[in-house]
Amino acid sequence: QVQLVESGGGLVQAGDSLRLSCAASGRTFSTYGMGWFRQAPGKEREFVAAISRSESTYYADSVKGRFTISRDNAKKMVYLQMSSLKPEDAAVYYCAADSLGKYYHASSYRRSDFGTWGQGTQVTISS
């Protein structure tokens with residue numbers, strides 16, 4: 001059974017950078033599709049970024065050019081490097097896994113494709 005643990009959240013100022021990490025279990029991590037989602041108070045959980053088993057990446061328009069998703073298969077880690085943070089980026093950030101590795105291209109992923117979720121890490125941004 002795949003388990004995910006996020007870390008790296010915290011309080012930063014607008015314009016700062018922050019890197020989130022997600023540690024995954026599972027023997028075949030390199031075959032997983034991975035994603036980051038976020039949920040702000042009173043809003044639905046929304047897609048942020050995804051990386052496929054082929055290391056194809058895809059981003060929400062709101063973070064494109066500011067956020068970078070990456071993975072280290074040897075360490076079973078996924079990262080979300082966030083820069084030029086804005087107050088509207090404040091949310092609980094969730095790591096998600098598709099342990100079936102459904103898609104070669106990350107742009108194919110939708111929220112329903114991810115079957116395993118972490119507990120989330122809070123990102124707070126002061127303006």
Linked, directly or transitively: [X] and [Y] (ILVMFWY side chains, under 4.5 Å):
X	Y	answer
Met82	Trp36	yes
Val92	Leu18	no
Phe47	Val63	no
Val123	Tyr94	no

Can you name the salt bridge (charged side-chain N to carboxylate O under 4.0 Å, His left out) partners of [X], sequence neighbours left out?
X	answer
Lys43	none
Lys102	Asp113
Arg111	none
Glu46	Arg38

Applying ring pair (Phe, Tyr, Trp, His ring centres under 6.0 Å) to Tyr103 and not counting sequence neighbours gives Tyr109
| CA sep, side-chain torsions, deciding dist, call: Trp117, Phe37, ring pair (Phe, Tyr, Trp, His ring centres under 6.0 Å) | CA-CA 10 Å; Trp117 295 79; Phe37 291 74; 4.9 Å; yes
Quick note, disulfide (SG to SG under 2.5 Å) partners involving residues 50-92, not counting sequence neighbours, are none
So disulfide (SG to SG under 2.5 Å) across residues 69-127, not counting sequence neighbours, yields Cys22-Cys95
Members sharing Val5's hydrophobic cluster, built from side-chain contacts under 4.5 Å between Ile, Leu, Val, Met, Phe, Trp and Tyr, are none
Residue pairs passing the side-chain hydrogen bond (donor to acceptor under 3.5 Å, both in side chains) test with at least one member in residues 8-27, sequence neighbours excluded, are none
The complete set of salt bridge (charged side-chain N to carboxylate O under 4.0 Å, His left out) pairs with one or both residues in residues 117-127, sequence neighbours excluded, reads none
Side-chain touch [X]/[Y], heavy atoms, less than 4.5 angstrom:
X	Y	value
Leu80	Val48	yes
Thr121	Leu20	yes
Leu11	Gln122	no

Residue set satisfying side chain to side chain contact (heavy atoms under 4.5 Å, CB included) with Ala97, at least two apart, ordered chain then number -> Val2, Leu4, Met34, Thr116
To the nearest 0.5 Å, atom CD of Gln3 lies from atom CD of Gln1 at 6.0 Å
Count the heavy atoms belonging to other residues, nucleotides or ligands that lie under 6.0 Å from CD of Glu44, then report whether that count exceeds 12.
no
Ala14 and Pro87 have their tightest heavy-atom pair at CB-CD, 4.2 Å
Taking every heavy atom of Phe114 against every heavy atom of Gly33, the minimum-distance pair comes out as CE2-O, 3.9 Å
Please list every donor-acceptor pair under 3.5 Å in which a side-chain atom of residues 67-79 meets a protein atom from a residue at least two apart or in another chain.
from  : atom 1 : to    : atom 2 : distance (Å)
Arg71 : NE     : Asn73 : OD1    : 2.9
Arg71 : NH1    : Tyr32 : O      : 2.7
Arg71 : NH1    : Ser52 : O      : 3.0
Arg71 : NH2    : Phe29 : O      : 2.8
Arg71 : NH2    : Tyr32 : O      : 3.1
Arg71 : NH2    : Asn73 : OD1    : 3.4
Asp72 : OD1    : Ala74 : N      : 3.1
Asp72 : OD1    : Lys75 : N      : 3.2
Lys76 : NZ     : Gly26 : O      : 2.8

inquiry  = Determine whether His105 and Tyr58 satisfy the following criterion, side-chain contact (heavy atoms from CB on, under 4.5 Å), listing intermediate values before the conclusion.
reply    = CA-CA 8 Å; His105 296 292; Tyr58 185 67; over 6 Å; no
Presence of salt bridge, Asp98 and Arg53, under 4.0 angstrom: no
*Distance-only, no hydrogens or angles: does the Glu6 side chain make a donor-acceptor pair with backbone N or O of Gln119 under 3.5 Å?*
yes
For the backbone of Tyr104 and the side chain of Ser54, can you confirm whether one donor and one acceptor N or O come within less than 3.5 Å of each other? yes
